[in-house]
J.: 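For reference, the structure I am asking about is given below.
Treat the numbers as computed from the prediction; the structure is a model and nothing was measured.
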Amino acid sequence: MSVLFPDYVSAWETDEHRELRKHAAAFFAKEAVPCQERWADQQCVDREFWKKTGAVGLLCTDIPDAFGGGGGDFGHEAVVYQELQYAHDTAFGFTIHSTIVAHYINEYGTEEQKQRWLPKAASGEYVLAIAMTEPGTGSDLQSVRTTAIRDGDHYVVNGSKTFISNGTHCDLLVSKRGRVLKKIGMHGQDTRELFFADMRIPVENLLGGAEGQGFYQLMRQLPRERLIIAIGGVAMAEAATAETVRYVKSREIFGKNCVRQAEYEICSRRMQSGSAGGKGIDRSLHRAGNRPGTLDTATASMAKLWGTNRQVEIIDRCLQLFGGYGYMMEYPIAQMYTAARIRKTKVVKSYWRNRNAELDPDADYVEIYRNLVTYEFPWDFDQSLSLALFRSYAVPSIGNLLDRTGEFGARCQKRRDDTVLLMEAPLLQGFSEGSGRDAIRRINRMHGAYDISNNDMLYTLATFVVVPQRWLDQYGWRRLEEGETRASVNFYREFGRLMGIREIPETFEDFAQWMDTYEGENYGYDPGGRRVADTTLALLRSYYPSQLAGPVDAFSRALMDDHLLEALRLEKPGSLVCRLSQGGLRVRARLLAFAPPRKKPKLARDSSRFRSYPFGYEILRLGTFPGGCPPGKSKTDGGC
């Protein structure tokens with residue numbers, strides 16, 4: 001049901017949803033609408049309002065009733081949030097509490113934690129919040145600086161967070177509270193800074209009981225969070241349009257009704273033209289409510305992109321129809337206008353990012369990944385994939401095998417060029433035909449001649465997925481979009497499948513966790529691995545004038561983490577060298593952000609570092625041939 005299209009019924013809505021909608025609408029009309037101005041003045045809702053909302057069953061509607069919730073589905077949460085938007089509310093931190101944080105507890109908490117926390121969350125006795133954003137790092141979860149160090153039966157937490165919704169009233173995030181933040185919109189919503197100074201948290205409060213899972217838990221719940229934001233965006237846009245219709249129909253100038261018919265029709269048509277996108281959100285909501293776990297990140301991200309951008313666009317158009325009154329904060333349209341601004345999704349400027357956004361990461365993953373490697377980040381992928389291969393030398397079983405082949409000692413340049421060509425062929429041609437298919441066959445024949453464990457193969461595959469993204473997070477001129485990350489994962493999942501690798505992770509987060517665990521369990525020193533590392537570093541130095549050999553070597557080691565350096569027994573450069581090396585890459589990234597998009601692909605084989613085949617090559621003759629020479633070659637003509 002919609003305030004603009006009352007006869008339209010979404011496929012996911014049941015009679016129970018519609019009854020809940022009526023109940024929520026009546027409650028918010030009585031308890032929330034009259035309080036908006038007072039809540040804006042005091043910069044938070046009344047604490048008693050949380051308890052009232054819980055008492056009438058509007059909190060935690062999709063939490064199992066065994067834990068005090070409503071026992072419903074995601075559609076119940078959506079209905080309540082839609083009605084909150086239709087009531088022109090911009091103050092109540094409903095989604096943070098009910099849709100997001102309560103769901104983390106229900107999904108990952110232990111039985112004891114769920115019994116202890118969820119009933120009080122459903123009743124409104126507890127107010128929930130989540131503290132991710134930090135000063136200086138924003139929402140980059142991989143760069144947070146707050147620490148939690150175990151000390152006996154407690155974790156000692158130090159750090160700070162900012163822009164924390166429900167920061168005043170929250171009960172499950174108790175800390176030193178900083179100032180209330182004054183925002184351009186959502187004046188009544190409770191938003192604070194939080195500070196942690198040797199705050200002690202009992203070990204039994206660790207969500208799920210297992211350390212190191214927070215990042216992965218957050219990533220896995222992003223689709224749900226993005227979908228509820230999309231739903232709220234569309235609902236607020238509908239509420240703004242309905243409010244505008246009422247206003248322009250009642251407005252009179254010189255005694256005559258002034259509808260500004262042309263402008264009104266434009267606004268109405270813009271709202272109705274979005275019905276296709278709205279139906280896409282409806283379908284996503286249907287999946288979230290009826291098939292839990294099937295809503296993927298890419299679909300939810302597209303829903304959020306469409307819903308929030310349409311929210312901002314429509315409310316902006318509606319505001320113009322109010323004339324000067326639209327700029328008065330006492331009018332709901334002004335409150336919606338300022339509240340919507342935080343939802344505006346950044347318009348991408350990159351041609352290739354735009355292009356990738358138009359593609360399906362599940363069907364077009366080869367094209368998306370090709371665009372990233374050959375157009376958007378060719379140098380970054382070349383460097384990060386080289387670093388990925390370098391990491392494998394620190395696994396003794398891999399480093400020792402590579403050393404025993406003799407390829408790095410005798411033909412290091414050829415070994416590098418062959419690897420580049422074999423990896424680049426599927427990128428350019430796909431996996432099913434031509435040189436891409438031949439490259440996979442050549443790789444499988446090479447690996448089949450050696451005794452390589454599935455885990456070592458899987459680890460190498462994981463480095464190709466994880467290391468480039470982490471490099472771009474630190475040194476890229478932009479981060480990858482969700483769909484781009486998913487396409488990269490799909491590309492290497494298919495690569496691994498065709499190589500016969502078993503138990504391949506399904507998501508980036510799973511790949512990263514698997515890689516980090518494997519390194520923690522297997523990294524160690526091996527003389528063979530060290531020799532391979534030394535010859536590789538020597539090859540890198542050979543690409544530069546001799547007077548730069550020392551700085552190039554130091555720069556390379558400055559980009560390696562302590563765990564890798566220790567495993568290979570390589571000396572870590574001084575702190576100044578590390579800061580200059582890493583800082584230089586970040587300066588490069590900022591400069592590249594202003595560069596025009598690349599129009600021609602930059603292939604690895606076009607690089608000056610590619611030296612082994614000045615007169616061309618054949619895929620099936622690349623690589624090693626432990627059992628003999630490649631087809632058509634012999635020892636006498638130098639083919640082996």
Side-chain angles (χ1 to χ4, degrees), residues 382 385-425 438-461 463-464 499-501 522-543 549 552-553 556-557 560 564-565 567-570 604-605 607 609-640:
D382 180 58
L385 288 173
S386 295
L387 184 59
L389 288 170
F390 213 97
R391 298 192 73 84
S392 67
Y393 306 161
V395 176
S397 55
I398 300 176
N400 183 268
L401 174 62
L402 292 173
D403 180 59
R404 285 189 284 113
T405 66
E407 292 292 311
F408 283 85
R411 295 176 290 273
C412 192
Q413 176 70 60
K414 181 180 182 301
R415 176 68 166 76
R416 178 194 180 277
D417 291 346
D418 287 0
T419 301
V420 167
L421 292 172
L422 289 170
M423 296 295 295
E424 193 173 68
D438 291 343
I440 295 293
R441 291 175 175 174
R442 183 79 277 275
I443 291 172
N444 287 338
R445 287 170 183 168
M446 279 194 298
H447 290 165
Y450 300 100
D451 184 16
I452 308 174
S453 71
N454 184 75
N455 279 353
D456 280 355
M457 297 271 281
L458 181 54
Y459 169 71
T460 304
L461 187 75
T463 64
F464 293 161
M499 291 174 61
I501 299 176
N522 292 277
Y523 261 20
Y525 178 73
D526 180 86
R530 173 57 189 268
R531 281 192 292 272
V532 172
D534 287 340
T535 55
T536 302
L537 286 172
L539 178 65
L540 292 175
R541 293 193 298 269
S542 73
Y543 297 139
V552 168
D553 187 84
S556 300
R557 288 182 284 114
M560 301 180 193
L564 176 58
L565 291 169
L568 293 172
R569 296 186 185 176
L570 291 171
R605 64 191 182 206
S607 168
R609 297 184 179 185
F610 183 78
R611 301 173 175 176
S612 301
Y613 303 100
F615 305 110
Y617 61 90
E618 294 180 29
I619 288 290
L620 293 176
R621 294 183 178 180
L622 297 177
T624 59
F625 291 84
C629 296
K633 293 290 183 178
S634 66
K635 293 182 179 180
T636 57
D637 63 14
C640 296

J.: Just how far is it from atom CG of Asp438 to atom CZ of Arg621, taken to the nearest 0.5 Å?
T.: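 Separation between the atoms: 12.5 Å.
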
J.: Does some side-chain heavy atom of Thr405 sit less than 4.5 Å from a side-chain heavy atom of Arg411?
T.: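 They are not in side-chain contact.
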
J.: How about Arg531 and Thr535: does a side-chain donor come under 3.5 Å of a side-chain acceptor?
T.: no

J.: Can you confirm whether Met560 sits close enough to Leu387 that some side-chain heavy atom of one is under 4.5 Å from a side-chain heavy atom of the other?
T.: yes

J.: Do Tyr613 and Glu618 pair up side chain to side chain, a donor and an acceptor below 3.5 Å, judged on atom types alone?
T.: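 Distance-only check fails for Tyr613 and Glu618.
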
J.: What's the separation between atom CD1 in Ile398 and atom OG1 in Thr460, rounded to the nearest 0.5 Å?
T.: 4.0 Å

J.: Is Arg442 positioned over the aromatic face of Phe625, cation under 6.0 angstrom from the ring centre and no more than 45 degrees off axis?
T.: yes

J.: Please report the shortest heavy-atom distance between Ala394 and Leu564, naming the atom on each side.
T.: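 In terms of heavy atoms, the two residues are closest at CB-CD1, 3.6 Å.
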
J.: Does the side chain of Tyr450 reach to within under 4.5 Å of the side chain of Thr624, using non-hydrogen atoms?
T.: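 The answer is yes, as the side chains (C-beta and beyond) meet within the 4.5 Å cut-off.
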
J.: By ring-ring contact (aromatic ring centres under 6.0 Å, His included), which residues pair with Tyr393, not counting sequence neighbours?
T.: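 Applying ring-ring contact (aromatic ring centres under 6.0 Å, His included) to Tyr393 gives Phe390, Phe408.
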
J.: Roughly how far, to the nearest 0.5 Å, is the CG atom of Leu422 from the CG atom of Leu622?
T.: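 Spacing of CG (Leu622) from CG (Leu422) equals 5.0 Å.
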
J.: Can you tell whether the side chains of Arg415 and Asp403 come within less than 4.0 Å, N to carboxylate O?
T.: no

J.: Are Arg611 and Ser542 close enough that some pair of their side-chain heavy atoms sits under 4.5 Å apart?
T.: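 Yes, close enough: below the 4.5 Å cut-off.
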
J.: Rounded to the nearest 0.5 Å, how far does CE of Met499 lie from CE of Met457?
T.: 3.5 Å

J.: Find the distance between OG1 (Thr419) and CD (Glu407) and round it off to the nearest 0.5 Å.
T.: 9.5 Å

J.: Please determine whether salt bridge (charged side-chain N to carboxylate O under 4.0 Å, His left out) holds for the pair Lys414 and Asp418, giving the CA-CA distance in whole Å, both sets of side-chain angles, and the decisive distance to 0.1 Å.
T.: CA-CA 6 Å; Lys414 181 180 182 301; Asp418 287 0; 2.6 Å; yes

J.: Would you please name every residue forming a salt bridge (charged side-chain N to carboxylate O under 4.0 Å, His left out) with Asp553, sequence neighbours left out?
T.: Arg541, Arg557

J.: Any side-chain heavy atom of Leu570 within less than 4.5 Å of one from Arg530?
T.: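 SC-SC contact between Leu570 and Arg530 confirmed.
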
J.: Does the side chain of Leu620 reach to within under 4.5 Å of the side chain of Arg445, using non-hydrogen atoms?
T.: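 Yes, side chains in contact.
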
J.: With heavy-atom distances below 4.5 Å as the criterion, would you say the side chains of Thr463 and Ser392 are in contact?
T.: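 Contact flag for Thr463/Ser392 side chains = no.
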
J.: I need the Asn522 CG to Asn455 CG distance, nearest 0.5 Å.
T.: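 That separation rounds to 8.0 Å.
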
J.: So, for Asn454 and Gly500, which heavy atoms are closest and what is the spacing to 0.1 Å?
T.: OD1-O, 4.2 Å

J.: Can you list every salt bridge (charged side-chain N to carboxylate O under 4.0 Å, His left out) pair that touches residues 391-400, not counting sequence neighbours?
T.: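 As it turns out, the salt bridge (charged side-chain N to carboxylate O under 4.0 Å, His left out) pairs with a partner in residues 391-400, which skip direct neighbours, are Arg391-Glu519, Arg391-Asp561.
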
J.: Identify the heavy atoms of Pro396 and Gly524 that sit nearest to each other, and give their distance.
T.: CG-O, 3.5 Å

